[in-house]
Structures are given as C-alpha cells and as structure tokens.
Amino acid sequence: MKIRRILLILILALAAILRIWKLDSVPVSLFGDEVDVGYQAYSILTTGKDYMGNIALFYVNSIADKKAPLYSYLAAPAVAMFGISPLGVRLPAAIFGVLGVLLIFGVVKLLTNETIGLIAAILLAVSPWHIQFSRWGLEHTLMLSLFLAGVYFFLKGLSQNKWLLISSVCFSLTPYAYHAGKIFLPLILIVILILFWQEVKKISKGYLMASFLIIAIIAGSIIISSTLGKSAERFNSLSVWSDSRNTGEIGFDRVRDSQMFAPFGRLFHNKVTLLLGKIEENYFHAFSTEFLFVRGDTNLRHSILQNGEFYRYQLFFLIVGLIFLTVKIPNQKYKLFIISWLLLAPFPAMVTTEGGGHAARLFFMLVPLIIIIAIGIYYSYLVLGKKLKNVYLLGIVLLFSLSFIFYQHNYWIHYPWDSERWWQAGFKEVIQSTVKEGKKYEKVIISQADEPALLFFLGWSQYPPAEFQQKYPLVKESLEGIGEVSKLDKYYFPPIGYGIGLYELGSVLPPKTLYLATFKEINLDLIREPERVPQDIKLIKSITYPSGAPAFYLFEKVI
C-alpha cells in the first residue's frame with residue numbers, strides 16, 4: 001500500500017512537471033482564444049462582467065463567438081497574479097490536467113483495481129493528447145476533470161449516499177466548461193441511470209431528490225439555453241447542417257448523375273443523405289488509426305503531427321485490452337459503462353464540420369481508451385508464464401521510454417518552430433511595441449490583413465474593459481485611401497482581410513500615422529533586404545517569429 005502511494009505521488013509529480021515546466025514559453029504564444037480568455041478574466045476581475053458588459057451565466061460574449069463561462073471565471077485568480085500572460089491564462093488548465101491524472105486513478109481503481117488505476121494514471125500523465133490540452137489556456141482539462149470527479153463520487157455514492165451531492169455538482173458543471181459537455185453529459189447520464197437503476201432505487205430519497213434537482217437546475221439550465229438561447233448560435237455555426245458547402249456538394253452529385261443518365265438522383269443525393277454521410281464519416285474517423293495512432297489532429301494547436309493522439313505501441317494493448325475487458329472484468333455494469341462511454345464520446349464531434357479528427361471535441365474519448373489500454377497492459381502481464389513476465393516488463397519499459405523520449409524531443413525542440421504561426425506568435429511583441437511607439441503619433445492603424453487584431457490589441461495592451469464596454473460597438477470612420485475602418489481612441493482597425501502593399505503605403509498613409517503591417521500583406525523579408533523599403537515610408541521596427549522569420553512591421557510615412 002505504501003509503495004503504491006509513493007508511486008502515485010511520483011506519477012503526479014511527473015504529470016505536474018510535464019504540464020507546468022516552461023508553460024510561459026511552450027507553446028510559443030497565446031493564440032486568439034487564449035487571449036480572449038485572459039481578457040475575459042481581466043474584465044471579470046475589474047468589472048464583474050464579461051468584456052462585452054454582460055453578466056456571464058451560461059456563456060461569455062466575445063468578439064468572435066459565445067464561449068462556455070466556467071474557465072474564464074476560474075482563470076481570474078491566475079490572471080490577477082500573473083496578468084494576461086501565458087502563465088496567467090494556462091496555469092488553471094495545467095492544474096486541472098494534473099488533477100485529471102489523480103481522478104483517473106480513483107475512477108479506475110473503483111472500476112477495476114488499484115494496479116490498473118496506477119497504470120491508467122501513468123498513461124494519462126504522459127499522454128500526448130492530454131499534455132497538449134493541459135498546456136493551453138482553454139477549458140478541456142477542466143471539463144474532463146469535472147466529469148471524472150462526477151463519475152468517481154457517483155461510484156462512491158452508491159454505497160455512501162452523501163457523495164452523490166458532490167457528484168451531481170461536478171456533473172452539472174461539466175457543460176459550463178466546454179460545449180461538448182452539453183451533448184455528451186445528458187447521453188451518458190441516461191446510460192448511468194439505466195445501468196445502475198437497481199442501485200439508484202436503493203439511494204436515500206433525500207439524497208436522490210437533491211441530486212436530481214442539482215442536475216436539473218444547474219445542468220438543465222445551460223443545456224436548454226444552448227438549445228434555444230443565443231449560445232445556440234455557436235453550435236449552429238459549427239454543425240454539419242450549417243456547412244456552406246452542402247448545397248454545392250449535393251448539386252455536383254446530381255449533375256454527375258444526370259450526365260450518367262442515372263435515375264432517382266434526388267433520392268440518393270439530398271440534404272438528409274449528405275448529412276448522414278458526414279456524421280457517419282466523422283464518427284468512424286474518430287476511431288481510425290490515422291487519428292489515434294498515426295497523425296492525430298492536423299491542427300498544430302491540437303497536436304504536434306509527429307505521432308497520433310496515442311503512442312503507436314499502445315495500439316496492440318488497445319486491441320488486447322478490448323478482449324480482456326470483455327472476459328476479465330467481472331462487473332458487467334462497469335464493463336458496459338466503459339464501453340458506453342467510449343461509444344458516446346464522439347457524439348459532440350460527429351455533428352460538427354470535420355469533427356471526426358477534432359481532438360478538442362473528441363476529448364471525452366481519451367479516458368475510456370486509456371482505461372482499455374491499461375487493462376490490456378495489466379492482463380497481458382498476468383497471462384504470461386513466470387519466465388516471460390520479466391521479458392514482457394523489459395519490453396514495455398523500453399517501448400514506453402523510447403516513445404516518450406522521441407515525443408518529448410519533438411515537443412520541446414521541433415514543435416515551437418513548427419507551430420509558431422498556429423499560435424499566432426509575435427502579436428504580443430508587436431502590440432506592445434505599437435502602443436509604446438504609438439504615443440508619438442496622432443493615428444495608429446492596425447492591419448487585420450492576416451488575423452482579426454482587435455482582440456489581441458485589447459488583451460496585450462490590457463485596455464480597460466470598463467472603457468471598452470462603453471465604446472463597443474466601435475464607431476466607424478472613413479480614412480482616405482483605405483475606406484471605412486473601426487476606431488477605438490486613436491487606434492484604427494481596417495476591415496478583416498484588407499491589406500496595403502508595401503509600395504502603396506506611402507500614398508495611402510496619412511501624415512503622423514503609425515501603421516502595423518503583417519508579413520502577409522508586405523510579403524517581403526525586410527530584415528534581410530532593408531533596401532526594399534520605398535523612400536516614401538520608414539520602417540520603424542520589425543517583429544519576428546521565434547524562428548527568426550518576419551511576422552510584423554511598423555511603418556510611418558516620410559514627409
């Protein structure tokens with residue numbers, strides 16, 4: 001018992017190191033959604049409202065969309081201590097990531113045994129999928145930890161009813177962390193109720209009624225709001241039925257049928273068949289080796305692309321784990337619960353555009369897969385003869401170590417440079433330089449040719465949220481040569497996607513104006529070729545990516 005406790009402490013220490021070490025520099029920068037979280041937390045701290053001026057109950061309003069509110073509130077203390085910074089925004093996610101390792105141990109211990117619980121804990125501690133989402137300042141580890149806590153206290157509560165109240169609170173807060181919880185939670189709660197109905201009937205009526213009311217009021221409110229209220233806009237914009245390509249795809253298939261003189265084209269090619277096909281494809285792609293073990297999510301914020309969401313050696317133990325799950329786990333209800341969890345986990349992703357390879361929306365899949373792999377490792381060892389057990393352990397340690405070492409090399413050495421544009425590096429430096437240099441100018445124009453820049457300006461300048469709440473929507477003003485722009489004090493934001501070429505800047509820029517340009521619109525490396533700068537403008541400063549490639553430029557007009 002003492003040895004296992006020490007092992008658990010060591011596993012948690014390893015999990016903490018992998019999630020907190022260099023959190024301020026890897027990933028290389030806060031990307032837009034993280035800056036949004038930081039500014040929301042800053043606004044909540046200073047005004048008690050989101051930065052749009054609303055009291056955030058079911059969602060926080062942002063410039064881009066509506067987000068689940070819980071993480072922004074929980075990030076507020078860290079932002080109060082460390083400011084809008086990588087550490088301030090990401091530290092809560094890292095902490096919940098470590099907590100998730102502890103919780104998976106507790107859940108798996110109750111579902112199987114303590115040894116498998118320890119194996120599951122170490123697997124989650126070093127999981128590329130879990131580490132990736134523990135090191136960015138969003139809500140995924142919070143969501144998973146809340147759900148794991150709900151499962152843990154529910155299992156405990158079947159014998160000690162008092163724990164059911166904590167379980168209900170944890171379950172109920174899950175959809176407040178991330179939108180995927182709004183779909184997954186009702187489905188899995190129905191499964192739990194069906195599987196454990198006999199045990200539920202034995203629960204004290206007081207605890208049962210209190211638990212039901214907690215879930216109905218807290219979770220029910222946000223789920224209904226997301227279905228009927230304004231926060232449904234976010235889901236609708238991502239759903240497969242809102243994909244703007246649908247009409248074109250249906251029309252193209254019907255034209256092909258007509259060219260081939262095929263009858264009943266409308267029967268085979270319509271909105272229903274198209275949507276069902278996309279949902280089916282998303283669902284099964286989530287279980288593909290391409291996603292789980294080869295490439296992972298192709299979004300470089302979601303994975304490093306050097307391996308899948310799991311280490312490749314774990315595929316073998318996933319297969320044998322499924323076999324051992326069916327023949328070795330004696331409790332049929334626990335067995336069906338793990339399988340149901342796995343089968344329902346892709347539901348939030350499968351109804352969204354390209355959701356089958358979206359590691360964030362599929363995050364609920366991680367835990368049941370880890371449990372099955374842990375079962376595979378444990379029972380594979382037990383079925384071997386004495387002479388083979390040592391060889392088996394040596395092989396496991398070797399595979400584990402090599403996979404982990406190569407992953408760590410790729411993560412710390414290659415990934416920062418490979419992903420620098422995905423993490424929108426350079427915005428912090430260029431906004432802070434713009435604010436500093438901008439004091440000398442009457443106007444400051446911040447280009448949005450590459451990315452919407454207003455949010456980065458608000459976050460990295462720590463613009464007072466109370467003032468922004470009063471001034472948003474921003475006033476519009478026409479600038480000669482540019483057209484209608486949004487204005488915030490002396491700062492001007494042209495339309496998103498609008499850029500000015502290097503050789504047109506001199507004729508377009510007003511006098512006494514600082515212009516923040518993106519590399520995308522200039523499309524020249526002025527660090528290596530400064531002589532390419534025209535005589536009618538002056539290059540004030542260049543901002544680079546961590547790799548040294550140019551990211552932004554600051555210009556003024558030469559008078």
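Side chains are part of it too, since the values below use all heavy atoms of this structure and drop only hydrogens, waters and symmetry mates.
Classified by interplanar angle (parallel below 30°, tilted 30° to 60°, perpendicular above 60°), the ring pair Tyr39/Phe468 is perpendicular. Ring orientation note: the planes of His302 and Phe133 are tilted relative to one another, at an angle of 30° to 60°. Relative orientation of the Phe364 and Phe184 rings is parallel, given thresholds of 30° and 60° on the angle between their planes. The aromatic rings of Phe519 and Tyr553 sit tilted relative to each other, their planes meeting at an angle between 30° and 60°. Using a 30° and 60° split on the angle between ring planes, Tyr407 and Tyr411 fall in the tilted class, from 30° to 60°. Note: Phe171 and Phe147 have tilted aromatic rings, judged against thresholds of 30 and 60 degrees for the angle between ring planes.
With hydrogens and angles disregarded, a donor-acceptor distance shorter than 3.5 Å links the side chain of Tyr71 to the backbone of Ala93. Between the side chain of Asp450 and the backbone N or O of Thr518, no donor-acceptor pair lies under 3.5 Å. A donor-acceptor distance shorter than 3.5 angstrom exists from the side chain of Tyr51 to the backbone of Ile63, with no hydrogens or angles considered. In terms of modelled atom types and a separation under 3.5 Å, the side chain of Asp50 and the main chain of Asn54 share a donor-acceptor contact. No donor-acceptor distance shorter than 3.5 angstrom exists from the side chain of Arg301 to the backbone of Pro27, with no hydrogens or angles considered. Looking at Gln462, its side chain never comes within 3.5 Å of a backbone N or O of Gly459 through a donor-acceptor pair. Judged purely by atom type and a 3.5 angstrom limit, Asp536 has no side-chain atom pairing as donor or acceptor with the backbone of Lys557. Side chain of Arg135 to main chain of Leu18: a donor-acceptor pair is present (N/O by atom type, distance under 3.5 Å, no hydrogens or angles). Between the Ser85 side chain and the Gly88 main chain, a donor and an acceptor come within less than 3.5 Å of each other. Within the 3.5 Å criterion, the main-chain N or O of Ser486 finds no donor-acceptor partner in the side chain of Tyr491.
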TODO: Go through the steps to decide whether Tyr176 and Met143 satisfy the test side chain to side chain contact (heavy atoms under 4.5 Å, CB included), and finish with yes or no.
DONE: CA-CA 8 Å; Tyr176 287 83; Met143 174 191 72; over 6 Å; no
- [ ] Could you walk me through whether Lys278 and Tyr283 pass side chain to side chain donor-acceptor pair (under 3.5 Å), step by step?
- [x] CA-CA 9 Å; Lys278 288 186 174 184; Tyr283 186 82; over 6 Å; no
- [ ] In sequence, state the C-alpha distance, the side-chain angles, and the governing distance for Trp129 and Leu292, and then conclude on side chain to side chain contact (heavy atoms under 4.5 Å, CB included).
- [x] CA-CA 9 Å; Trp129 196 350; Leu292 293 176; 4.3 Å; yes
- [ ] Please assess Tyr492 against Ile446 for the test side chain to side chain contact (heavy atoms under 4.5 Å, CB included), listing each intermediate value before the final yes or no.
- [x] CA-CA 6 Å; Tyr492 295 80; Ile446 299 178; over 6 Å; no
TODO: Please step through ring pair (Phe, Tyr, Trp, His ring centres under 6.0 Å) for the pair Trp423 and Tyr545, ending with a clear verdict.
DONE: CA-CA 10 Å; Trp423 289 101; Tyr545 291 111; over 10 Å; no
Task: CA sep, side-chain torsions, deciding dist, call: Asn307, Ile304, side chain to side chain contact (heavy atoms under 4.5 Å, CB included) - done: CA-CA 7 Å; Asn307 51 267; Ile304 65 171; 3.8 Å; yes
TODO: Tell me, with the steps shown, if Ser72 and Lys67 meet side chain to side chain donor-acceptor pair (under 3.5 Å).
DONE: CA-CA 9 Å; Ser72 294; Lys67 294 180 170 63; over 6 Å; no
Task: Criterion side chain to side chain donor-acceptor pair (under 3.5 Å) on Glu442 and Thr513, from CA distance to verdict - done: CA-CA 6 Å; Glu442 293 179 359; Thr513 298; over 6 Å; no
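By the 6.0 Å contact criterion, CZ on Phe252 is open, its count of non-hydrogen atoms from other residues, nucleotides or ligands being 12 or less. For CD of Glu354, the number of neighbouring non-hydrogen atoms (other residues, nucleotides, ligands) closer than 6.0 Å is 12 at most. Atom NZ of Lys512 has 12 or fewer neighbouring heavy atoms from other residues, nucleotides or ligands inside a 6.0 Å radius. Taking a 6.0 Å sphere around CD of Glu281, one finds it holds 12 or fewer heavy atoms contributed by other residues, nucleotides or ligands. Around CG of Leu524, the count of heavy atoms belonging to other residues, nucleotides or ligands within 6.0 Å exceeds 12. Under a cut-off of 6.0 angstrom, the local environment of NZ in Lys490 is crowded, with over 12 non-hydrogen atoms contributed by other residues, nucleotides or ligands.
Considering every non-hydrogen atom in both Leu185 and Pro175, the closest pair reads CD2-CD, 3.7 Å. Residue Ile183 comes nearest to Leu187 through the heavy atom pair O-CG, 3.4 Å, listed as atom of the first residue, atom of the second, then distance. Residue Thr46 comes nearest to Pro465 through the heavy atom pair OG1-CG, 3.6 Å, listed as atom of the first residue, atom of the second, then distance. Closest heavy-atom contact between Phe310 and Leu366: CZ-CD1, 3.7 Å. Contact detail for Val37 and Leu138: the closest heavy-atom pair is CG2-CD2, 3.6 Å.
For Trp136 and Phe31, the ring centers are positioned less than 6.0 Å apart. A centroid separation of less than 6.0 Å is found between the aromatic rings of Phe427 and Phe552.
Counting heavy atoms from C-beta outward, Phe363 and His130 have side chains that approach closer than 4.5 Å. Taking 4.5 Å as the limit, every side-chain heavy atom of Trp422 sits out of range of all side-chain heavy atoms of Val28. Residues Ser433 and Leu554 form a side-chain contact, since some pair of their non-hydrogen atoms from C-beta on lies under 4.5 Å apart. Using a 4.5 Å heavy-atom cutoff, the side chains of Met365 and Leu362 are in contact. Contact check for Val430 versus Trp460: no side-chain heavy atoms found under the 4.5 Å cut-off. The shortest distance between side-chain heavy atoms of Leu146 and Leu70 falls below 4.5 Å. Between Lys428 and Leu30 there is no side-chain heavy-atom pair separated by less than 4.5 Å. Residues Gln448 and Pro495 fail the side-chain proximity criterion, which asks for heavy atoms closer than 4.5 Å.
The pair Glu480-Lys443 does not meet the salt-bridge criterion, since no charged nitrogen lies less than 4.0 angstrom from a carboxylate oxygen. Taking a cutoff of 4.0 Å between a charged side-chain nitrogen and a carboxylate oxygen, Glu529 and Arg532 qualify as a salt bridge. Under 4.0 Å is where a charged nitrogen must lie from a carboxylate oxygen, and between Lys476 and Glu484 no such pair does. Salt bridge Glu34/Arg90: present, at least one basic N to carboxylate O contact under 4.0 Å.
With no hydrogens or angles considered, a side-chain donor-acceptor pair links Gln132 and Tyr415 at under 3.5 Å. A donor atom on one side chain and an acceptor atom on the other are found under 3.5 Å apart for Ser447 and Glu521. Checking Gln469 against Thr47 by side-chain atom types alone, a donor-acceptor pair falls below 3.5 Å. When only modelled atom types and interatomic distance are considered, Glu556 and Tyr441 share a side-chain donor-acceptor pair under 3.5 Å.
Residue His414 holds its NE2 atom at 13.0 Å from CG of Leu305, rounded to the nearest 0.5 Å. To the nearest 0.5 Å, the span separating OG on Ser547 from CG on Asp418 amounts to 9.5 Å. Here the straight-line distance linking atom CG of Leu509 with atom CD1 of Ile559 works out to 10.5 Å at 0.5 Å rounding.
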